[in-house]
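Here's the structure, in structure tokens; my notes come after.
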Amino acid sequence: MSTLFGMRVYVVMMFVFTVLLSLLFVNPKDLSDNLLQVGDCIENVPAGKPTRRHIRKWVLILSCISGGIMCGCLSLCLYLQYKGIVDATVAMLPTTFMMLSGFICSIYLEIRAYRDFDSYKPFI
């Protein structure tokens, strides 16, 4: 992380992982199959493979935008570190906050799911 090459590799890896993980978590095949099973569709897009391609295209577009914004912020922080304007620990704060927000969101959703599950009363 102290050389320009290392910083570039780090930023590129973050971008690639962002796109790959979004494709992993938002599986276009499962979404299109679920739409087909419930009889729903995307307007002006035929069901089946065209729906899958349409969803994959939009997941890629949105994840590339998200990854670009994230990598832009990381590049700015790494540039400031490289020039010696900020310390390396301060330059890594955006990455730390992104990871913490991911953990906190996951924990919050798990707690909310358990609370909602416990609120249902048995019928018998």
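Positions are given from 1, in the same order as the sequence printed here. Given the structure is predicted, the values throughout are model-derived calculations rather than measurements.
- Cluster annotation: Val19 and Met98 are assigned to distinct hydrophobic clusters (Ile/Leu/Val/Met/Phe/Trp/Tyr, side-chain heavy-atom contacts under 4.5 Å, transitive).
- When the side-chain hydrogen bond (donor to acceptor under 3.5 Å, both in side chains) test is applied to Asn44, no partner is found at least two apart in sequence or on another chain.
- A single hydrophobic cluster is not seen to contain both Met7 and Val86; linkage of ILVMFWY side chains at heavy-atom distances under 4.5 Å, directly or through other members, places them apart.
- Residue Tyr108 is not grouped with residue Leu100 when hydrophobic side chains (ILVMFWY) are merged at heavy-atom distances under 4.5 angstrom, including chains of intermediate members.
- The shortest non-hydrogen separation linking Phe15 to Gly67 is CD1-C, 3.6 Å.
- A pairwise comparison of heavy atoms in Thr51 and Ala47 identifies OG1-CA, 3.4 Å as the closest pair.
- Note that the SG atom of Cys64 and the CD1 atom of Ile69 stand 11.5 Å from one another [nearest 0.5 Å].
- Grouping the Ile, Leu, Val, Met, Phe, Trp and Tyr side chains by contacts below 4.5 angstrom, directly or via other members, places Val90 with Leu80.
- Under the side-chain hydrogen bond (donor to acceptor under 3.5 Å, both in side chains) criterion, the residue pairs touching residues 60-83 are Ser22-Ser63, with sequence neighbours excluded.
- We find the CD-SG distance between Glu110 and Cys105 to be 12.5 Å, quoted to the nearest 0.5 Å.
- Screening residues 48-73 for salt bridge (Lys or Arg N to Asp or Glu O under 4.0 Å) gives Asp33-Arg52 as the qualifying pairs, with residues at least two apart or on separate chains.
- Leu21 is linked by a side-chain contact (heavy atoms from CB on, under 4.5 Å) to Leu24, Phe25, counting only residues two or more places apart in sequence or in another chain.
- Of the inter-residue distances, the one linking His54 atom NE2 with Leu35 atom CG reads 10.5 Å to the nearest 0.5 angstrom.
- Of the inter-residue distances, the one linking Gln37 atom CD with Asp30 atom CG reads 9.5 Å to the nearest 0.5 angstrom.
- With sequence neighbours left out, the side-chain contact (heavy atoms from CB on, under 4.5 Å) criterion links Leu20 to Val16.
- To the nearest 0.5 angstrom, Trp58 atom CH2 is 15.5 Å from Leu31 atom CG.
- Take Tyr10 and apply the side-chain contact (heavy atoms from CB on, under 4.5 Å) test, not counting sequence neighbours, and it matches Met1, Met14, Leu74, Leu78, Met92, Thr95.
- Under a hydrophobic-cluster definition in which Ile, Leu, Val, Met, Phe, Trp and Tyr are linked whenever side-chain heavy atoms come within less than 4.5 Å, directly or via other members, Val45 and Leu60 are assigned to the same cluster.
- Interatomic distance, NZ of Lys29 versus CG of Asn34, reported as 10.0 Å (0.5 Å rounding).
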